[in-house]
J.: 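Got a structure for you, written out below as structure tokens; questions coming shortly.
Side-chain atoms are counted along with the backbone in the values below, which use heavy atoms only and exclude waters and symmetry mates.
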Amino acid sequence: MSSQRQNLDSKSCESSQYHIALFPFMSKGHTIPLLHLAHLLFRRGIAVTVFTTHANHPFIADFLSNTAASIIDLAFPDNIPEIPSGVESTDKLPSMSLFPPFALATKLMQPDFDEALKSLPLVNFMVSDGFLWWTADSAMKFGIPRLIFYGMSNYSSCVAKSAAECNHLFGPESADDLITLTEFPWIKVTKNDFEPVFLNPEPKGPHFEFILKTVIASSISYGYLSNSFYELESVFVDHWNKHNKQKTWCVGPLCLAGTLAVENERQKKPTWILWLDEKLKQGSAVLYVAFGSQAEISTEQLKDIAIGLEESKVNFLWVIRKEESELGDGFEDRVKERGIIIREWVDQMEILMHPSVEGYLSHCGWNSVLESICAGVPILAWPMMAEQPLNARMVVEEIKVGLRVETCNGSVRGFVKWEALRKMVNELMNGEMGKEVRNNVKKYAEVAMKAMEVGAGSSWGTLDMLIEEICN
């Protein structure tokens, strides 16, 4: 094996009833929920081994620092065409167009992964990211049941599968015409709700090759681990489990799993939390603005976001990537009394849970949707990529915990002008529709907390059942 670090010894496995391996995909949004899952497993006295790469090790080690976790580092493949040397996470890719070669290259880690599995004490089951399709072959080779983790909602999984299988995406409609789903007649989607690879009747190329591999690997796996709670989307969980061989198990929201430490042991609060504390003292509501680490936003669109926020007159905390610093001359000076710009990684859940935060302008990545729901904060949905447009439909139309930005041409993928952004920001923070979705999300927040209650919650019980079923 080329290189690994291993903290696990046989004794720690012997003292635990079971041993579970976790292998998150190399992206923070995919990694964090599985690290929360690790904490849930530790609370049940289960030994956990986490697989990662050298560059991703420090983040994982920090997250699991107060646990007995074993972390095994596998060497990330070198010399992948187009991928800069040292890039071991999609968060660091120069462009998301490089995702297919990055994801396909992870297959080169399989020999090291197999060697590591061979040397481990008995693994009762593994949970690996759906993007690491090749781990299904390794699991079969060693007789280890594999659960797939995609980090998606059951709603978006069901809607996407239904649209594809019923050939809804190949009709004569234009990209923005509403299409009624046969299996879910109350749901309407457009072709623009899906990535281009799904709209080609004869798809080809690296992206399609990657999707095909994940689908085939799913068919030989034990089932799906879902970062959701049954009460949020029971119709879609039931539909999936009725029509698919591989069952889905709701064990979330994983962001509520917490850690064994009661509080983060840090000497002082970050500047943005101090800023939120100040707004709370003033009795001022704050809009949180963040579009995830993957979305690529044009300079022109960034400037309209900045103007829209400035003209809205609301207080806002905006987290942006360092390379997206062009916000227009003097913008930060002009808004400094009521706006703060953050250019580093933040604990998003900590921000959303802050009592001054009363709205979230979001790209609708599934982690962000769940965190917003758990914090009781309504969403202004602005989907950017992947399954985010479907998440946005769920947020606005299905569970009604958010509003949607208005694009200038009505298209899901259209440009958002500052005037339209200002209007919807004000509606979310101060309007009647905003009040309605705020009431709705607070109800779901209570249900989410109950789902994760130790010994009593639906998600807590589902995880117990899953462990018993597989391990016995």
J.: Please identify each residue that fulfils side chain to side chain donor-acceptor pair (under 3.5 Å) with Glu311, with sequence neighbours left out.
T.: none
J.: For Ala448, does its backbone N or O pair with a side-chain atom of Glu231 as donor and acceptor, under 3.5 Å?
T.: no
J.: Ring pair (Phe, Tyr, Trp, His ring centres under 6.0 Å) with Tyr150: which residues, sequence neighbours excluded?
T.: none
J.: Are His30 and Phe131, when compared by the centres of their aromatic rings, separated by less than 6.0 Å?
T.: yes
J.: For the residue pair His363 and Phe291, is the inter-centroid distance of their aromatic rings smaller than 6.0 Å?
T.: no
J.: Going by the rule side-chain contact (heavy atoms from CB on, under 4.5 Å), which residues pair with Val396 if we only count those two or more places apart in sequence or in a different chain?
T.: Ala381, Arg404
J.: One thing to verify: whether Lys450 and Glu453 come together as a salt bridge, which I'm taking to mean a side-chain N less than 4.0 angstrom from a carboxylate O.
T.: no
J.: Got a sec, which pairs hit side-chain hydrogen bond (donor to acceptor under 3.5 Å, both in side chains) with one end in residues 167-179, sequence neighbours left out?
T.: His168-Thr182, Ser174-Asp177, Asp176-Asn192, Asp176-Ser411
J.: Give a yes or no on whether Lys435 atom NZ has more than 12 heavy-atom contacts from other residues, nucleotides or ligands under 6.0 Å away.
T.: no
J.: Is Lys28 close enough and on-axis enough to Phe59, meaning under 6.0 Å and within 45°, for cation-pi?
T.: yes
J.: Please check: side-chain N/O of Arg343 versus main-chain N/O of Ile320, any donor-acceptor pairing under 3.5 Å?
T.: no
J.: Who passes ring pair (Phe, Tyr, Trp, His ring centres under 6.0 Å) against Tyr444, sequence neighbours left out?
T.: none
J.: What do the steps show when you test Glu398 against Trp186 for side-chain hydrogen bond (donor to acceptor under 3.5 Å, both in side chains), and what is the final call?
T.: CA-CA 9 Å; Glu398 191 72 28; Trp186 68 94; 3.0 Å; yes
J.: With sequence neighbours excluded, what pairs up with Thr31 under the side chain to side chain donor-acceptor pair (under 3.5 Å) test?
T.: none
J.: Apply side chain to side chain donor-acceptor pair (under 3.5 Å) to Asn200 and list each qualifying residue two or more places apart in sequence or on a separate chain.
T.: none
J.: Residues two or more places apart in sequence or in another chain: which of them pass side-chain contact (heavy atoms from CB on, under 4.5 Å) with Lys213?
T.: Leu104, Trp133, Glu209
J.: Using 30° and 60° as the class boundaries, would you call the ring planes of Phe331 and Phe316 parallel, tilted or perpendicular?
T.: parallel
J.: If I compare all heavy atoms of Glu233 with all of Ser228, which pair ends up nearest, and what's the gap?
T.: OE2-OG, 2.6 Å
J.: Give me the atom names and distance for the closest heavy-atom approach of Val319 to Glu344.
T.: CG1-O, 4.0 Å
J.: Would you please classify the geometry between the His39 ring and the Phe42 ring as parallel, tilted or perpendicular, with 30° and 60° separating the classes?
T.: perpendicular
J.: Tell me every residue that passes side chain to side chain donor-acceptor pair (under 3.5 Å) with Ser162, counting only those two or more places apart in sequence or in another chain.
T.: Glu183
J.: Would you give the length of the straight line joining atom CE of Met394 to atom SG of Cys364, rounded to the nearest 0.5 angstrom?
T.: 10.5 Å
J.: Report the residues that fulfil side-chain contact (heavy atoms from CB on, under 4.5 Å) with Gln348, sequence neighbours left out, ordered by chain and then residue number.
T.: Tyr288, Ala290, Leu352, Tyr360, Ser368, Glu371
J.: Between Glu310 and Arg334, is there a side-chain N and carboxylate O pair less than 4.0 Å apart?
T.: yes
J.: Go through the steps to decide whether Glu406 and Lys423 satisfy the test salt bridge (charged side-chain N to carboxylate O under 4.0 Å, His left out), and finish with yes or no.
T.: CA-CA 9 Å; Glu406 296 176 355; Lys423 172 188 159 191; 2.9 Å; yes
J.: Between Glu278 and Lys281, is the closest basic N to carboxylate O distance under 4.0 Å?
T.: yes
J.: Looking at the rings of Tyr224 and Trp249, which for Trp means the six-membered one, are their centres under 6.0 Å apart?
T.: no
J.: Is the backbone of Ser27 close enough, under 3.5 Å, to the side chain of Asp91 for a donor and an acceptor to pair up by distance?
T.: no
J.: Does Glu88 reach the main-chain N or O of Ala55 with its side chain, forming a donor-acceptor pair under 3.5 Å?
T.: yes
J.: Among pairs that include at least one residue of residues 407-428, which meet ring pair (Phe, Tyr, Trp, His ring centres under 6.0 Å), considering only residues two or more places apart or in two chains?
T.: none
J.: Roughly how far, to the nearest 0.5 Å, is the CG atom of Asp304 from the CG atom of Leu421?
T.: 8.5 Å
J.: Is the ring pair Phe184/Phe236 parallel, tilted or perpendicular, if the boundaries are 30 and 60 degrees?
T.: tilted
J.: Measure across Ser459 and Val251 and return the closest heavy-atom pair with its distance rounded to 0.1 Å.
T.: CB-C, 3.6 Å
J.: Does Phe99 form a ring pair (Phe, Tyr, Trp, His ring centres under 6.0 Å) with Phe210? I'd like the steps, not just the answer.
T.: CA-CA 10 Å; Phe99 173 80; Phe210 166 70; 5.3 Å; yes
J.: Taking only Lys NZ, Arg NE, NH1 and NH2, and the carboxylate oxygens of Asp or Glu, determine whether Glu195 and Arg413 approach each other closer than 4.0 Å.
T.: yes
J.: Please name all residues satisfying side-chain contact (heavy atoms from CB on, under 4.5 Å) with Glu165, sequence neighbours left out, ordered by chain then number.
T.: Lys161
